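Here is how names work: the chains are called A, B, and so on, in the same order as the sequence lines, proteins then strands, and each is numbered from 1. Keep in mind that the numbers below use all heavy atoms, side chains included, and drop hydrogens, waters and symmetry copies. Model, not experiment: these values are computed from the prediction.
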Amino acid sequence: MSDEDLAKDLGPLAALTIGVGTMIGAGIFVLPGEAILRSGSLASVAFVLGGVIAMFTALSASELGTAMPRSGGAYYYVNHALGPMFGSVAGWANWLGLAFASAFYMVGFGRYIARIFGLSGSVGAGPVSITVVKLIALVGGAFFVLINYVGAKETGRLQNVIVVLLIAILTVFTLLGTLRADPSNLPPATDVVTTLETTGLIFVSYLGFVQITSVAEEIKDPGKNLPRAVIGSVVIVTVIYALVLVIMSAAVPEGFIADIISSDAENPIAVVEVGQYIQGAVMGGALLFGGLLATASSANASILASSRINFAMGRDRIVTPALNEIHDRFGTPYRAIGITGGLILLFIVIGDLTLLSGAASGLHLIIYGLLNLALIVMRYVAPEEYTPDFVVPLYPLLPILGTVLSFALLVFVAGDALLLSFGIAGAAVLWYFVYARSRTEKQGILSKHVLSRSREMPDAAVNAVASVQPDGGEYRVMVPLANPAHEQELITLASAIAKQRGGTVVATHIVTVPDQTALAAAAERSDDIDQSSQHLLDNAREDAETFGVDVETHTILSHKSYEAIFDAARTHTADLVVMGWGPNSHGSPGRAESAIDELTEAVPCDFLIFRDRGFDPSRILLPTAGGPDSELSAAVAKLLQAEFDAEVTLLNVDDDPEAGEAFLAAWAADNGLEGAERLVESGDVETAIRNATEESTLLLLGATEEGLLRRLVSGTLVLDVINDVECSVLLAEKHRKRGLLERLF
Amino acid sequence: MSSETEHTDVLSHVLLPVANEADASATAAALERYGPSHVTALHVVEKGGGVPDKTPVEQSEALAEESYAAVRSVFPDADEHTAYGRDVVAEIFDAAEAVDASAIAYRSRGGNRLLQFLSGDVSLRLVTEANRPVVALPHEDGA
């Protein structure tokens, strides 16, 4: 068995009970009384309607879950498809939604305990008083948080027993209730709007199924079991809700429920009263016990699920990954659980039952709408790796209905809860721009798609997408290191630039492995590689730290060292690569690269190539004839000027000295190098440069054409001037996005 | 090492169960002075066994990798072995069998009885149910 199989130990029943267990606690044991009071005989319809809306999302969640069985579930899909701005919304909504839901379950739990022990009233006095129910809810909430904090495994297994027991109790209740049911008992139906509002209130009963996807990577045979569990749990709870609601309305005299709710009893629990009325004290007791178990298991499952959301958000740097730190004794993500626990207790104190359930409903409706949108995006863009085992039928009708209905139902969520939900969504967007945008590096499938087709897409769309892109944080200067002899010079140069830009130096040791050796085999005997690599990177770190810049180090194994540099620049999202080149630097020059490569591929970011003859930036010569590459040279010259007080000389070769001087003066002004000395020479360009460098310590050259550096590094091009001059040479090529046509012509 | 001691040397192939990076560093450092011939680092990913795990699989496996790296900083040639299971002690014994270890070396993480109870301390079962020598490594301060 492979490691991957060993990690999967959730069977179909276990997966199903995660969904059913999370949902059933709320729907049936806390809300029915309220629902019947509001919409009469349509209460059952309100629950079915909620189930139908949930079903659309369940189908989408199943497809996404089988295609991407990753930790984090709904948040992950939204972030992956729609990008980190919506990811931030989904993540926060999912996290806080679960915290609101847990608080709601615990208040329900408090009612059951209070009812069992006949407690009521408040403790404390005046403004600091708190109802007994809330007090019990706080104690219960703290208890379940503690259980998850220390990671007691036993609770999870108990969940399966609880779910089976609950279904049994409710089945008996329904069967016996049918014998007493009489349609004439049904309370009058109310209007459609009231019913929809009721659905908005009770939608908290349908937020468990999506938690199944958050443990997708642990489910055995997820292609089959995940959709069955997700869809199955929605079907099961919808049927149970509908039947129980009908029985509750039809088996008792009209007005029974209303009397209970409006009675003086402090914490009326409709389902228990009905059970007691129609089936006696035993059923009443069974339902009391059931409600206790159900609310507890829902809260317990939600706390665990929310820590998965935190993990996935931390992985993508939407929140700090420090949140996911594992406790060294308990092996649990104790910080995430602790913070979630604090939120739950806070929500218990400040919210009443309807606000808590409304906020949980509202936040989850936002997530469900986004989840359906994520599915539509994945289908539309259809990335190669997207191969779900389960496919939503009737695409695009069902996901569109899922999106529209989820968002539409938001309108019927109670005002204050709705305000709270949108407030949180708005705050999450703000959070993205203020905190996460500079940290997350993950780009959504949708924005990749739009940006990769920027020529065909309307400008407005491209600009809108580009403006919310994650910028992956600060300016990153990558330094590929191969030869220890040049390490210090390259790191010094890179650190100087990084320091001026407030950025990070990414030192990568690229280890070239002979083509005959498989990379995997090389990785296995990586011990000796590690040691030499570690030494080199340690030196790099020390050198960079003398400049006080942040350093990251990586070791990369590759067959082709210069290709690996281009790849690494992409993977590590470098803004600038500073690399050495020359004899013994990165493989032997003369290696042929296919012509098509040169044509289509320029550098993946700005590049500086350093031909090392000692790093001395005191007198820099910068020959220019304009163009983007010499603008990069100018920027580098300016940075070196600021860091090392370098003396910069600009050189233009023009047979008409006045025109040359005029050009240089204008160019210097444009590039902020007014202070530089200006030199105009005539005659052959290479000779002029060679002569001028006799006074200089560093020659800073812009690439004269795109793709030049790539050819230079790969050895298909030799620039005599680099070899002829006696000082060090720094060649700059700017990254530019261009279509193939422009490169050809 | 001479061949006649190979079968009698308890430290010829030590299985080193480690929980996380800090634990792995401390455990490996404690073992180092006794000069084991060969070390296999073991991390048991604690599975729920039918219920969701405490941590995502992805995170558990990252934790295992960090632990192995920490062991390798002391024993560069150490092998690694990852086991998955609900019963950590049983997984340790199975792993010892699988890699044919001469002994299991571990470092109790101490703590009072409540902490040991809550975190499922494995010391007692490790020493009472073992099918091969178990070495309890001393703590830095106690050595």
Report task. Run the numbers on D53(B) and R308(A) for side-chain contact (heavy atoms from CB on, under 4.5 Å), then give the verdict. Result -> CA-CA 10 Å; D53(B) 301 346; R308(A) 291 290 204 276; 4.0 Å; yes
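- Residue D23(B): no heavy atom, backbone or side chain, is found under 4.5 Å from chain A.
- Here E217(A) contributes atom CD and S60(B) contributes atom OG; the two are 8.0 Å apart, rounded to the nearest 0.5 Å.
- We find the OH-NZ distance between Y84(B) and K8(A) to be 10.5 Å, quoted to the nearest 0.5 Å.
- V215(A) approaches P52(B) most closely through the heavy-atom pair CG1-CB, 4.0 Å.
- Atoms CG and CZ, on D9(A) and R86(B) in that order, are 9.5 Å from each other to the nearest 0.5 Å.
- No more than 12 heavy atoms of other residues, nucleotides or ligands sit less than 6.0 Å from atom CZ of R317(A).
- The shortest heavy-atom contact between G331(A) and T55(B) is O-CG2, 3.5 Å.
- Residue contact with chain A, scored on non-hydrogen atoms closer than 4.5 Å, involves the backbone and the side chain of V57(B) alike.
- When heavy atoms are compared at a cutoff of 4.5 Å, I18(A) approaches chain B solely by way of its side chain, counted from C-beta outward.
- Interatomic distance, CG of N148(A) versus NZ of K54(B), reported as 10.5 Å (0.5 Å rounding).
- For Q59(B) (side chain) and F311(A) (main-chain N/O), no donor-acceptor pair under 3.5 Å exists by modelled atom type.
- Note that CD of E66(B) and CD1 of I326(A) are 8.0 Å apart. Values are rounded to the nearest 0.5 Å.
- Here CG of L10(A) is found 6.5 Å from NZ of K47(B). Values are rounded to the nearest 0.5 Å.
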